[in-house]
Protein chains: 2
Amino acid sequence: MSEDNVTTSTTQGRDPASLRRHNLRTLLGHLHLHGATSRVRLGEITGLTRSAIADLVAELTERGLATEAGPSQPQPGRGRPPLIVSPRDESAYVLALAVDVDTVRIGRVGLGGTLLRESATQYVPLPERPEEAVTVLSRMIRRETEAAEVSPLAMGVAVPGLVRAGDGVVTRAPNLGWRELALAERLREGTGFAGPVVVGNEARLAALAEHRRGAGRECADLVYVSAGVGVGGGVITRDRLLTGNTGYAGEIGHMVTNPAGHACHCGGRGCWETEIGTDALLRRAGMVTPGDRNAALAELVSRAHGSESEALETFRGMSHAAAVGLANLINIFDPCRVILGGLLRPTLLYAGDELRGALEELRGLPELPVELCPAELGEQGPMLGAAEAAVSSFLAGME
Amino acid sequence: MSEDNVTTSTTQGRDPASLRRHNLRTLLGHLHLHGATSRVRLGEITGLTRSAIADLVAELTERGLATEAGPSQPQPGRGRPPLIVSPRDESAYVLALAVDVDTVRIGRVGLGGTLLRESATQYVPLPERPEEAVTVLSRMIRRETEAAEVSPLAMGVAVPGLVRAGDGVVTRAPNLGWRELALAERLREGTGFAGPVVVGNEARLAALAEHRRGAGRECADLVYVSAGVGVGGGVITRDRLLTGNTGYAGEIGHMVTNPAGHACHCGGRGCWETEIGTDALLRRAGMVTPGDRNAALAELVSRAHGSESEALETFRGMSHAAAVGLANLINIFDPCRVILGGLLRPTLLYAGDELRGALEELRGLPELPVELCPAELGEQGPMLGAAEAAVSSFLAGME
DNA sequence: CCTATTTTGTTTTCACCTATTACAAATCAT
DNA sequence: ATGATTTGTAATAGGTGAAAACAAAATAGG
């Protein structure tokens with residue numbers, strides 16, 4: 001079944017002008033994803049001739065989006081050394097924010113995906129009232145942009161909550177106390193920034209980041225799952241992030257994996273996050289919610305790292321519950337890789353055999369090997385994903 | 001989050017020639033999906049000018065893919081009456097097959113989606129050995145093609161089993177006794193047909209058909225679920241069928257919804273199809289697998305239709321188990337519509353309130369109303385879907 | 001050190017596609 | 001009948017990448 005859609009997507013070209021836009025986007029997109037590339041290589045990839053590439057690259061450099069230079073190190077082989085085209089980063093960058101309960105990360109990410117040195121992490125307990133939170137965020141953004149000589153190409157924000165696709169409205173973010181907050185619009189007002197502003201769910205954006213820069217490179221179909229207090233996820237299909245109708249696709253935490261399980265705050269029973277979330281893990285470990293959950297978790301992980309049998313057993317005990325949900329996701333999505341973040345990362349590292357074993361048992365299709373990989377980007381995932389979404393948004397709106 | 005992919009898809013254009021191919025595809029795709037359209041309207045839709053449309057339409061008519069005619073009924077309004085462009089069907093058609101255990105449907109579907117009158121349903125018990133089955137299918141195809149004066153644009157085949165995307169290999173179809181059968185290739189050999197041959201899973205293809213021609217029209221994100229002996233499904237995202245890495249995406253029958261449930265033939269326990277499949281329903285109804293399951297089912301449905309309370313109660317009893325799986329799918333995919341086929345259709349019709357009620361309880365996001373719709377195409381779904389996949393494949397390979 | 005070879009960049013010419021513009025045709029409103 | 005309106009047609013123009021010829025810069029080999 002090699003079915004492409006009948007009505008081809010609208011992004012692309014009908015007239016010569018949009019044809020050129022498309023080729024420019026393709027080129028810049030490749031530079032962003034794969035870094036410095038020779039002109040000839042670009043031609044091989046895009047199918048364009050050298051002369052066309054020359055012309056297009058000239059436009060990109062004129063616009064300050066790319067640079068050309070002779071090869072930094074001597075090339076092997078005979079002929080004339082190629083010109084290497086690189087994405088610019090210092091002057092062509094996006095601003096990325098990752099909002100969390102007690103942390104706001106802000107970073108400058110250049111084309112090519114490099115986290116520029118100006119990036120910083122600031123710990124700002126956000127005020128309860130969303131309006132004030134917006135003010136705080138706007139101030140942080142202004143401080144970053146005013147320091148720079150050029151304004152960013154786009155901005156991306158990761159939020160732990162439900163974000164409506166398209167308009168960047170945070171429908172609800174229980175941990176932040178936000179409801180129906182038009183974050184993209186407010187930030188645009190609060191900063192006077194005219195370019196694209198994208199807001200997204202942190203897990204979806206982390207999935208995007210892992211796909212492009214982390215454990216999911218060169219993998220067109222993957223599932224990312226991160227377990228924390230809640231369980232979030234994101235799915236990449238054919239190199240694209242699954243959004244669903246409203247942008248909520250990927251809410252896997254409330255997948256019911258055990259109807260006989262514990263009650264969930266969502267009103268249901270046996271949701272996956274009641275089985276493999278932070279509280280479930282601590283419950284298994286016999287640590288009955290002490291003062292600081294994070295500290296308890298860190299201790300548990302370090303004990304497992306030190307091969308203490310009780311801690312290892314805790315993770316092993318969680319592997320079956322994790323496998324049930326993962327098997328479901330694998331059957332549904334047929335990914336070539338599953339990336340595990342948050343608590344599932346130590347679960348994979350310290351109880352990998354048990355997890356894989358449970359999956360083997362549960363899955364209907366042992367023919368297909370699916371790789372289980374630990375997430376590579378850790379806590380930076382959401383911010384890097386916000387940057388990637390911002391870049392994509394800039395590319396989509398180019399010219 | 002309005003992120004489009006960075007490296008834009010490869011289907012489209014880099015040079016002027018492929019630009020034209022793209023526009024031709026767009027035009028023909030629109031005609032196929034939406035039927036006869038005036039030239040001016042086509043221009044509005046595609047953004048092309050009247051002269052460009054004229055030129056493109058001329059090529060389509062020359063190739064025998066479209067026809068132009070004056071308006072059949074007088075138009076309202078003033079100016080010169082427009083020329084109406086229609087997809088041809090009699091001379092531009094695809095061949096579609098739907099293979100099942102005791103039935104093989106074969107049909108001719110014209111551009112525009114009309115099931116041509118030459119279409120036929122033939123009941124042919126397929127022989128046990130796959131090789132012979134291929135021979136039977138090839139013969140049926142040859143009979144259809146030889147009768148026609150022009151050969152089909154493409155062929156599509158729906159199979160109750162796992163089909164690898166890309167090469168059309170049936171990995172396994174337990175009910176047919178097939179394993180690793182290169183069906184697309186064999187049919188190409190057996191019929192001498194040179195055009196595209198696509199093979200797909202029947203539920204995925206039915207989902208495609210419902211999307212284009214049935215209960216899922218004008219809905220870009222939908223989930224289709226059909227319960228029978230097994231439970232199959234298909235997902236449409238952004239107007240495209242989800243395939244996953246290998247083509248197996250959508251195997252929702254073995255989603256574990258009740259770890260404490262019955263054993264499943266797949267080796268697992270509590271798979272969704274052990275909860276809502278044919279056997280589960282008959283078990284609930286107290287009909288302990290009599291000779292003919294289909295007859296028993298038909299009786300049950302007709303009793304429910306006649307409002308017999310016991311039959312209604314059977315469907316009501318199944319609604320909760322159905323809702324668990326549906327809630328999971330809704331949380332995962334955020335569709336705007338869920339289409340229910342097979343046994344889930346009567347469940348919706350006769351126990352709709354219970355089903356919706358159970359969903360309300362289970363779902364984390366009551367903000368988002370999701371429509372539940374009965375499938376419209378019934379048993380023709382897989383065949384019509386095969387036709388749609390064939391058309392898409394023809395369009396993708398045009399020129 | 002010089003030359004042949006190879007690879008890459010540049011320039012020119014050309015073919016293709018759609019936009020633009022002007023004009024013709026067909027219908028309705030008055 | 002006449003003008004307004006909408007649609008189709010034809011001719012010209014602008015923009016895009018391809019193709020081909022040429023120039024430049026390196027290596028390999030004597």
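In what follows, chains carry the letters A, B, and so on, assigned in the order in which the sequence lines appear, proteins first and then strands, with residues in each chain numbered from 1.
- Rounding to whole angstrom units, CG of residue B/L42 and P of D/dT7 are separated by 12 Å.
- Counting only N and O atoms by type, the side chains of B/S91 and B/R88 include a donor and acceptor under 3.5 Å apart.
- If you check the side chains of A/H32 and A/E388, you find a donor sitting under 3.5 Å from an acceptor.
- The nucleotide whose nearest atom lies closest to any side-chain atom of B/A52 is, among D/dG8, C/dT18, D/dG17, C/dT18.
- Taking atom CG of A/D55 as the reference point, atom C1' of C/dT13 lies 15 Å away to the nearest angstrom.
- Base contact: A/R50 has a heavy atom under 4.0 Å from a base atom.
- Side-chain contact check for A/T243 and A/R164: no donor-acceptor pair (N or O, by modelled atom type) lies under 3.5 Å.
- For B/A54, the listed nucleotide lying nearest its side chain is D/dT9; candidates were C/dA26, D/dT9, D/dA19.
- Computed from coordinates, the A/L83 CG to D/dA26 P distance equals 11 Å when rounded to whole Å.
- Of the candidate nucleotides C/dT18, D/dA10, D/dA18, D/dA18 has the atom nearest to the side chain of A/T49.
- Positionally, the nearest nucleotide of DNA chain D for B/S38 lies more toward the 5' end than for the other of B/S38 and A/G79.
- Counting to the nearest Å, the P atom of C/dT18 and the CG atom of B/L56 are 5 Å from each other.
- Atom CD1 of A/I84 is separated from atom P of D/dA26 by 13 Å (rounded to the nearest Å).
- Which of D/dG17, C/dA19, C/dG9 sits closest to the side chain of A/R20 comes down to D/dG17.
- Atom CD of B/E399 sits in a crowded spot, with more than 12 heavy atoms from other residues, nucleotides or ligands closer than 6.0 Å.
- Rounded to whole angstrom, the span from the CD1 atom of B/I53 across to the P atom of D/dT9 amounts to 13 Å.
- In this structure, of C/dT18, D/dA10, C/dT11, it is C/dT18 that holds the atom nearest to the side chain of B/N23.
- Counting to the nearest Å, the P atom of C/dT27 and the CZ atom of B/R80 are 8 Å from each other.
- Separating the CZ atom of A/R14 from the P atom of C/dT20 is a distance of 12 Å, rounded to the nearest angstrom.
- Closest to the side chain of A/R78, from the set C/dA26, C/dT5, C/dA19, is C/dT5.
- With hydrogens and angles ignored, no donor-acceptor pair under 3.5 angstrom links the side chain of A/S51 to the base of C/dT12.
- Among the atoms of the strands shown, only primed sugar atoms or phosphate atoms (P, OP1, OP2) are found under 4.0 Å from some heavy atom of A/G47.
- The side chain of B/L19 lies closest to C/dT18, out of C/dT18, C/dA26, C/dT8.
- Along DNA chain D, the nucleotide nearest to B/P16 and the one nearest to B/E44 differ in position, and the one closer to the 5' end is contacted by B/E44.
- Of all the heavy atoms in B/L65 and B/L111, the pair that sits closest is O-CD1, 3.7 Å.
- Geometrically, A/R188 does not engage A/F193 in a cation-pi contact defined by less than 6.0 Å to the ring centre and at most 45° from the axis.
- Contact annotation: A/R39 side-chain N/O to C/dT10 OP1/OP2 distance is under 4.0 Å.
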